[in-house]
Structures are given as C-alpha cells and as structure tokens.
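Notes follow once the structure below has been shown.
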Amino acid sequence: MPCPCQSDTPVLTWITQAGLFSAVTSAFVIQVQPGLQPDPNEETAALLRVLIYKTDNTTFGGDVPTVPQWSGPPRSIVQVQAMLYASFTATLLSAFLAMLGKQWLNRYGSTDMRGTVIERSQNRQRKLNGIVTWYFEHVMEALPLMLQAALLLLGCALCQYLWEIDLTVASVILAVTSFGLAFYFFVVAAGAASRSCPYQTPGSRVLRSVVSTVPQAFEYALEHSTAISILRSDLTCCQPSTSINNFVYSALAILCASPLVLLILTIDAIRLGLAMVNLIVTFARRAYIQLFGAPSTPTRGSDQQTTSMHLQCVSWILRTSQDKTVHLSTLESLATMVQLDDLDPAIVADCCDIFIGCVKVVDRTAMVSQGLEPLATVSATCLLLTFSYLSVMDPSSDILGDVRHRYVMAFGPWTDTRSLPFPYTIRAIEGIIYPDQDEQWLDLGDYKPSSDEHFITAHALTKLAWSEYKSIEYHGKKVPAWILRFAFHSLSMNPLPSTSVVANCLSIIAIDLDCNIEVSSAGTTTTDGRCVQVQ
Amino acid sequence: MQSGPEDPRARFYEDYRKVAEDYDKEFMKKCDEDLNTTLIFVCRARVNQIHLF
C-alpha cells in the first residue's frame with residue numbers, strides 16, 4: 001500500500017486552494033484599486049453642478065457648488081492596498097525561491113560521471129552534509145510559510161477594508177479570520193507539544209527547537225551565575241555538621257550585601273543575553289567555516305579527509321538503513337579501519353543497538369539469533385573499537401553513558417555471555433562497561449581467538465590502557481588489572497599470537513611499569529616498531 | 001587497496017550507492033512536489049496580477 005504522503009492528492013488539494021486564494025485576492029485588489037486614484041465620475045458630477053449653478057443659481061438654494069481638489073487616497077485605502085501588495089510580494093518571493101530551489105535540487109541530484117564509486121559516494125555524502133549544515137529543508141519549508149503569511153495579510157486587509165464600509169460584514173470576516181488564526185496557533189502548539197500529533201507544521205518544529213534551546217541558555221547562565229555561586233557557597237558552609245552560627249552569619253552577610261544583589265542580578269541578566277548571543281555566534285561561525293574554511297585548523301592530508309568522509313558515510317547509512325545485509329557490509333568496512341579520527345559518537349550507539357538486536361537472552365544465557373552470527377561478530381568488534389576509541393578521546397561523552405545504559409538494560413551483569421562465539425571481544429566490552437569485575441580472561445580455557453579478534457582486542461585495550469595511564473584522574477592506579485590479565489593471558493599462549501598482538505601486550509605491561517613508549521611511526525598501537533624506556 | 005567484491009570497503013560503497021539512490025529519489029520527489037505546489041499557486045496569482053495592472 002503506498003504511503004498517503006506520497007500520493008498526488010495533497011498536491012491537488014493545495015493547487016485547488018491556491019487557485020481559490022489567488023482568485024479571491026485578485027478580485028479584492030481590483031475592487032480596492034480605484035480608491036488609490038481620483039474618482040473621474042465624482043469630478044464630472046461636481047463640474048456638472050457648477051455648470052448648472054452658472055445657468056440657474058437658484059437650483060441649489062444657498063449652496064455654492066465647487067470643484068473638489070483631490071488630496072490623495074484615503075489613509076485606510078492606502079493601508080489596505082499596502083497589505084494586499086505585501087501579500088502579492090510574498091507570493092512572488094516564494095515563487096523566486098521555489099525556482100532557485102528547483103535549481104539547487106537539480107544540482108544535488110546531478111551525479112558525477114567521473115571517479116570511482118567511492119569518490120562519487122563520498123562526493124554525494126559531502127553534498128548531503130551541506131544540505132543538513134545549511135538547513136536546506138528548513139528553507140524549503142519556509143516557502144509554504146510565506147504563502148500562509150500572504151493569506152494572513154489578505155485576511156487583515158479584507159477586515160480593514162470592510163470595517164470602513166459595513167461593521168456587520170466586517171465583524172463576520174474578522175471572526176472567521178480570528179478563528180483561522182487561533183486554530184493555526186493551536187495546531188502549531190499541539191504539534192510542538194507532541195511529536196505524535198498529526199498536525200505538524202514548520203512552525204511546530206521551530207517552536208519545539210526554541211523551547212528546547214532557551215532552557216539550555218538559561219542553564220548555561222545559571223551555571224556561570226555569580227548570585228547562584230554565592231548562594232551555593234553560603235549553603236555549602238551551612239551543612240549540618242557546621243555550627244548554627246555559620247548559617248546566621250551567612251544570612252546576615254547576604255542581607256548586608258542586598259544592595260549588591262541588584263547589581264549581581266543585572267550581571268546575570270547580561271550573561272543570559274550573552275548566552276543567547278553565543279548561540280547566534282555559533283551558528284554564524286558554522287556558516288563562516290562552511291564558506292571560508294577554518295583558518296586555525298591545519299591543512300589535513302587527503303588520507304585523513306577520506307577517512308573522515310568514510311566515517312560520515314558509515315554514520316549516515318547506519319542511521320538511514322534498517323537492512324541487515326547493509327549493516328553487515330557497513331560494519332565489516334568499519335572494522336577494517338584502524339584510525340577512527342573524527343568518529344561520530346552516534347556510531348557507537350548504532351553499533352550497540354545492532355549488536356543487541358543480534359543477541360537474545362534465554363534463561364540468563366546470551367546467544368546469537370539464528371542466521372545473524374556474522375552480523376553479531378562484526379557488530380561486537382565495531383562496538384569494542386568505537387567504544388574504546390570514544391572512551392579514550394572523549395571520556396565525558398554522554399554517548400558512553402547512554403551505551404552503558406543500553407547494554408546493561410539488554411543483558412545486565414547477571415547474563416552469561418560466555419557462550420557467545422567471540423569471547424575475547426565480549427570480555428573486552430564488558431571490561432569497559434563493568435570495570436570493577438575482575439574475573440575476565442580466567443574462564444576462557446583453551447579458547448583460541450582468531451587473529452583478527454585477537455588483534456582488534458589487543459589494539460583497543462592498549463589504547464585504553466595508555467589513556468587511563470595518561471589521564472590525571474587515574475594517575476597512580478596504572479593499568480586496570482583486567483587489561484593486564486588479558487596481556488598475560490595472551491603472552492602465555494602456546495604458540496604465541498601474532499607479532500602485533502605480542503607488541504601490544506608488551507606495551508600494556510610497559511605502561512603498567514611506568515615506562516615511556518616511543519612509537520617510531522604513526523599510531524601508538526598499530527606499529528610494531530616501539531622503543532621502551534625504563535625510568 | 002583491493003578493488004574486487006571481496007574488499008569490504010568496495011562492498012560497503014556498493015550498498016551505500018543503492019541506499020543513497022533510494023533516499024535521494026524520495027528526498028527529491030518530496031521537495032519537488034512542494035516546489036511545484038508553490039510555483040503553481042504563485043503562477044495563478046501572477047496571472048491575476050498581470051490582469052489587474
């Protein structure tokens with residue numbers, strides 16, 4: 001069954017309404033237009049009166065007819081016509097933008113005939129990014145808004161024009177226009193309040209974004225508020241453990257400082273304004289960077305740009321497609337990437353969702369759904385890669401907490417995941433999610449991981465160990481014990497794993513021993529050429 | 001870099017091309033319908049305006 005929103009019915013309805021609207025507007029303009037010019041009939045009648053008066057000066061009694069001088073159109077007619085012409089201008093402007101929009105769409109839809117599939121796809125992704133960055137869809141949605149504004153102007157003009165002629169008729173028109181306006185505002189508010197409301201309009205989206213943005217600005221201002229910080233410091237010193245005198249002194253101090261309160265609040269108000277300006281500046285800066293590039297950003301190599309664009313393609317397709325075959329090829333391609341610069345944090349959540357979707361829990365035992373083994377394996381690998389990368393690069397990211405929450409909600413610490421066919425990967429993931437559990441790697445028995453699984457796990461854990469060692473918060477705790485267990489477990493294998501894995505395991509131990517690791521070429525964990533200096 | 005079907009990246013971009021084609025077709029159809037509506041509407045208004053002046 002085709003989607004109703006894709007049928008031609010709404011378009012035909014709009015066209016009918018548009019035709020009616022334009023016909024009504026034009027008829028009304030024709031009616032009002034003569035009011036802007038001197039009335040020739042009135043002038044002729046005045047001249048005839050003067051002529052009759054010259055022939056027989058008793059016809060009009062004591063009145064002496066004169067030829068009236070035209071002093072311009074009445075003010076109300078000028079206002080009415082101004083609104084009508086504004087309505088016409090708005091429709092013409094929307095037509096102009098619509099024509100431009102068609103050109104923009106043609107440019108977007110045009111495919112490059114040269115280049116490989118990868119280059120053309122990345123070029124298309126670049127254009128799509130531009131559409132999102134430059135709010136193309138918002139501009140397109142503004143066109144009906146302009147037409148709605150034109151309709152409102154017509155209603156206002158009609159009301160004012162009829163007000164001068166007949167109050168009863170004008171009242172009817174005013175009531176209907178007011179009802180239409182009130183209904184429109186209700187529809188916008190309802191659409192903004194509930195996403196499931198069917199009466200969605202562009203205004204609803206704008207209102208929703210304003211409602212969600214303004215509290216952020218308030219929050220920012222409150223965080224940096226002088227008054228709030230003073231009150232917080234006073235309340236902090238008024239803990240139950242301190243004496244009651246401290247509380248009294250603090251209250252007295254606030255009262256004595258009351259003349260300063262106004263000043264402080266004024267400063268806070270200015271800060272709130274600055275927070276609002278900050279939002280606008282952020283948008284302007286974004287536009288500037290799009291136009292002229294970031295001047296302070298060093299020029300990036302073509303490989304890095306390609307990697308970044310590839311990650312954007314991955315992020316887009318994971319958000320867009322629900323096809324598991326597409327997910328499989330996407331994640332297989334992601335798993336081959338060693339450098340994840342400019343990783344979109346949303347990819348971590350996507351990998352987590354796909355992995356959770358492949359695994360079912362039966363009697364507290366996790367098992368892969370039938371037919372989804374390859375997808376489960378590669379999504380677990382990607383989850384480990386991206387999750388560890390984000391933990392290293394942005395430990396304060398909200399996505400990390402979100403992914404932990406999703407994982408715990410899906411499995412929880414009580415679920416047995418040992419039966420999953422990729423135990424190294426899953427233990428590494430759970431090591432990051434439950435850092436306090438220390439029994440990983442002890443119950444693996446004689447399991448031999450594949451070289452890929454072993455390499456990726458070692459690579460991710462070495463980065464994590466390095467980051468935890470480098471971070472100030474964990475300084476002194478050295479490498480977490482569970483990562484060390486992995487290194488020792490891997491080195492105790494017979495035969496030894498690949499050289500890369502051995503290099504990574506030795507690096508983990510060297511980090512724990514407080515040694516400096518100097519990498520001979522790019523990457524901390526991707527090369528085997530490292531130099532360990534014992535301090 | 002491998003370029004055959006065994007290359008995960010090449011396979012990914014082949015899937016990407018298909019998904020992007022479908023997405024772009026729907027996106028452009030939606031935008032084009034909206035623009036057509038605007039243009040037809042304004043066209044009528046413009047005809048009436050020319051008649052007026």
Side-chain angles (χ1 to χ4, degrees), chain A residues 5-6 8 10-11 14-15 17-19 21-23 25-27 29-30 33 87-88 91-92 94-95 97-99 101-102 104-105 108-109 116-118 120-122 124-125 128 131 136-137 140-141 143-144 146-147 150 310 313-314 316-317 320-321 323 325-326 329-330 332-336, chain B:
Chain A
C5 61
Q6 290 176 4
D8 289 338
V11 179
W14 289 353
I15 292 167
Q17 287 176 349
F21 173 50
S22 57
T25 311
S26 58
V29 170
I30 291 167
Q33 180 71 17
S87 173
F88 269 124
T91 52
L92 285 178
S94 62
L97 290 176
M99 289 299 296
K102 281 201 163 269
W104 296 331
L105 275 181
Y108 175 75
T116 61
V117 176
I118 295 178
R120 278 182 284 164
S121 299
Q122 292 192 346
R124 178 260 170 198
Q125 184 64 38
L128 185 69
I131 277 185
F136 179 80
E137 286 190 80
M140 289 296 103
E141 284 186 348
L143 300 183
M146 290 174 75
L147 295 180
H310 180 65
C313 292
V314 167
W316 178 80
I317 208 161
T320 308
S321 176
D323 189 342
T325 317
V326 174
S329 68
T330 306
E332 278 175 350
S333 134
L334 180 64
T336 58
Chain B
M1 192 175 70
Q2 291 178 343
S3 57
E6 294 304 315
D7 181 8
R9 187 173 275 221
R11 221 169 31 240
F12 161 68
Y13 276 107
E14 192 54 39
D15 284 342
Y16 177 91
R17 190 183 57 79
K18 289 175 192 163
V19 175
E21 263 180 17
D22 290 345
Y23 178 89
D24 287 348
K25 203 183 285 179
E26 271 189 39
F27 172 72
M28 291 186 65
K29 187 182 170 192
K30 178 183 167 292
C31 286
D32 207 45
E33 276 184 359
D34 291 349
L35 292 175
N36 281 341
T37 308
T38 308
L39 280 173
I40 290 167
F41 165 52
V42 177
C43 212
R44 283 294 300 268
R46 178 75 181 145
V47 166
N48 286 317
Q49 199 182 20
I50 290 167
H51 173 72
L52 183 70
F53 296 111

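To find a chain, count down the sequence lines: A is the first, B the second, and so on, and within it residues start at 1. Just the heavy atoms: all of them, side chains too, but no hydrogens, waters or symmetry mates, feed the values below.
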Quiz item: Do the non-hydrogen side-chain atoms of B:F27 and A:I131 ever get within less than 4.5 Å of each other?
Solution: yes
Quiz prompt | Beyond-backbone contact of B:C31 with A:Y108, side-chain heavy atoms, under 4.5 angstrom | solution = no
To the nearest 0.5 angstrom, please state how far the [atom1] atom of [X] sits from the [atom2] atom of [Y].
{"X": "B:D7", "Y": "A:I118", "atom1": "CG", "atom2": "CD1", "result": "7.0 Å"}
{"X": "A:Q122", "Y": "B:Y16", "atom1": "CD", "atom2": "OH", "result": "8.5 Å"}
{"X": "B:Y13", "Y": "A:S121", "atom1": "OH", "atom2": "OG", "result": "6.5 Å"}

Would you mind checking which part of [X] comes under 4.5 Å of any heavy atom in chain B, side chain (CB onward), backbone (N, CA, C, O), both or neither?
{"X": "A:T330", "value": "both"}
{"X": "A:L105", "value": "both"}
{"X": "A:L334", "value": "neither"}
{"X": "A:T325", "value": "backbone"}

Self-check item: Top contributor to chain B contacts, counting heavy-atom pairs under 4.5 Å, from A:C313, A:P144, A:S321
Solution: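 The candidate making the most pairs under 4.5 Å is A:C313.
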Exercise. Considering only heavy atoms and a distance below 4.5 Å, find which of A:M140, A:H310, A:M146, A:K102 pairs most often with chain B.
Key: A:H310
Quiz item: Which pair of heavy atoms, one from B:F12 and one from A:S333, lies closest together, and at what distance?
Solution: CB-CB, 3.7 Å
Practice problem: Answer with side chain, backbone, both or neither: which region of B:Y23 has an atom nearer than 4.5 Å to a non-hydrogen atom of chain A? | Solution: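 The side chain, not the backbone.
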Practice problem: With sequence neighbours excluded, tell me which residues meet side chain to side chain contact (heavy atoms under 4.5 Å, CB included) with B:K30. | Solution: A:E137, B:D34
